[in-house]
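Read through the structure below, which is laid out as structure tokens, and then see the notes.
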Amino acid sequence: MEQIETEIARLKQEKNAVLLAHYYVPDEVQACADFVGDSFYLSRVAQQTSAETIVFCGVSFMGESAKILNPSRTVLMPEPAADCPMAHMADITALEALRAEHPDLAVVCYINSTAELKAHCDVCVTSSNALAIVRALPNREILFLPDENLGRYIASLVPEKTFYFQQGFCPVHKRITPAACAEAKAAHPGAPLFLHPECVPEAVALADFAGSTSEIISAAEKSSAPLILIGTDTGVLFELRRRCPDKRFLPVVSDQCCRDMRTVTLPKVLRCLRDGTGEVTLPEELRTGALRPLERMLELGR
Ligand code: 13P
Ligand code: SF4
């Protein structure tokens, strides 16, 4: 183990801290983490951990969700400025106007969202549980936000409900265009395309499998294909190669990379553990408002 990893391991023990990492953070940070996973898995781990401190290697909505779900823990973000642009792409005034016009409306909020937006919604979802949760809701009308692409993908699988959207999107997955997918498939005939549903629907339509980061990794493990085309942030390649050393994985485009996630580095993990920097705090009223839809997600997504 390198010196920095040894020091992180020592500080984790000293401070009774647990390190959570999303699949999009740099490889060496994933390698150092106690738990690596998709957004749903990490939110459950954050809710259930008995460690005094949670170091969340990811973007701000993830650390915020951990604090909302487990307020008695100290939650530290190694890079507090790491943010998800999509989390801010929602219009709360328009949401409330639609709610006033449609009394049966359920407002379904992707976990990639601010705490303020969550507090205005009925239930949160992630890409791995959105389908089951939307189906389980008694409401026939759904406002899905902020991610229009994920929302349209879910809507295509639940035709019996009426969907409304706003215009949020992930800039990273938007770069994985239908043309790039078609080109990659033509260049590698027979190689299946595994894609994240944050991509535009026309790209998802070309995929052999669509799912969250964890679901893509599990599907790749089960697949018999020797080469798989990957349509999500290239951070997943670390876990894919670890679990499937005999398979090859090719990103659809060269810049499938979330810049904010990449700002979470090992020296920053060390600093926040050592100095207690990057602590997530939330006004209690906002925390309890955002807790309700997150808890509903954990109940319905069990
Ligand atoms: P999942 O890991 O839940 O698939 O989320 C993808 C993502 O874009 C996180 O920001
Ligand atoms: Fe947000 Fe996209 Fe980055 Fe995920 S990959 S944190 S959705 S910008």
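Indexing begins at 1, ligand by ligand and atom by atom, following the structure's order.
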For Cys84, counting its heavy atoms only, list the atoms of ligand 2 lying under 4.0 Å from any of them.
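Listed by number with element, the hits are 1 (Fe), 6 (S), 7 (S).
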Quick one: which ligand 2 atoms are inside 4.0 Å of a heavy atom on Met86?
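Close to Met86: 7 (S).
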Run the contact test for Tyr23 against ligand 1 with a 4.0 Å cut-off on heavy atoms, strictly below, and give the result.
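No, Tyr23 has no heavy atom closer than 4.0 Å to ligand 1.
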Using a strict cut-off of less than 4.0 Å between a Lys/Arg side-chain nitrogen and an Asp/Glu carboxylate oxygen, indicate whether [X] and [Y] qualify as a salt bridge.
{"X": "Glu64", "Y": "Lys67", "value": "no"}
{"X": "Arg296", "Y": "Glu299", "value": "no"}
{"X": "Arg99", "Y": "Asp104", "value": "no"}
{"X": "Asp208", "Y": "Lys185", "value": "yes"}
{"X": "Asp233", "Y": "Arg262", "value": "yes"}
{"X": "Asp255", "Y": "Arg175", "value": "yes"}

A side-chain contact here means heavy atoms from C-beta on lying under 4.5 Å apart; do [X] and [Y] qualify?
{"X": "Ile216", "Y": "Phe209", "value": "yes"}
{"X": "Thr53", "Y": "Arg73", "value": "no"}
{"X": "Val123", "Y": "Leu137", "value": "yes"}

I want to check a possible cation-pi pair here: Arg44 against Phe40, using under 6.0 Å from ring centre and within 45° of the ring axis as the test.
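So Arg44 does make the cation-pi contact.
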Quick one: are the ring centres of Phe56 and His22 less than 6.0 Å apart?
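No: the rings miss the under 6.0 Å criterion.
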Side chain, backbone, both or neither: which part of Phe40 comes within less than 4.0 Å of ligand 1 when only heavy atoms are counted?
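Neither part.
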Of the backbone atoms (N, CA, C, O) and the side-chain heavy atoms from C-beta on, which set of Asp233 has a member under 4.0 Å from an atom of ligand 1: side chain, backbone, both, or neither?
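The answer is neither; Asp233 stays 4.0 Å or more away.
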Element-labelled atoms of ligand 1 that are located less than 4.0 Å from some non-hydrogen atom of [X]:
{"X": "Asn112", "answer": "8 (O), 9 (C), 10 (O)"}
{"X": "Ser127", "answer": "1 (P), 3 (O), 4 (O)"}
{"X": "Asp38", "answer": "1 (P), 2 (O), 3 (O)"}
{"X": "Ser212", "answer": "4 (O)"}
{"X": "Glu198", "answer": "6 (C), 7 (C), 8 (O)"}

For [atom], grab the closest protein heavy atom and report residue, atom and distance to one decimal in Å.
{"atom": "atom 4 (O) of ligand 1", "result": "His196 NE2, 2.7 Å"}
{"atom": "atom 3 (Fe) of ligand 2", "result": "Cys258 SG, 2.4 Å"}
{"atom": "atom 8 (S) of ligand 2", "result": "Pro85 CD, 3.6 Å"}
{"atom": "atom 5 (O) of ligand 1", "result": "Ser39 OG, 3.4 Å"}

N or O contact, His22 vs ligand 1, cut-off under 3.5 Å:
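Yes, at least one N or O pair falls under 3.5 Å.
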Is any N or O atom of Thr126, backbone or side chain, closer than 3.5 Å to an N or O atom of ligand 1?
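N/O-N/O distance below 3.5 Å does not exist for this pair.
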contact_flag Asp260 ligand 2 heavy-atom lt 4.0 Å:
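False for this residue.
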So, Cys170 and atom 2 (Fe) of ligand 2: N/O/S under 2.8 Å, yes or no?
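Yes, Cys170 qualifies, because one of its backbone or side-chain N, O or S atoms lies under 2.8 Å.
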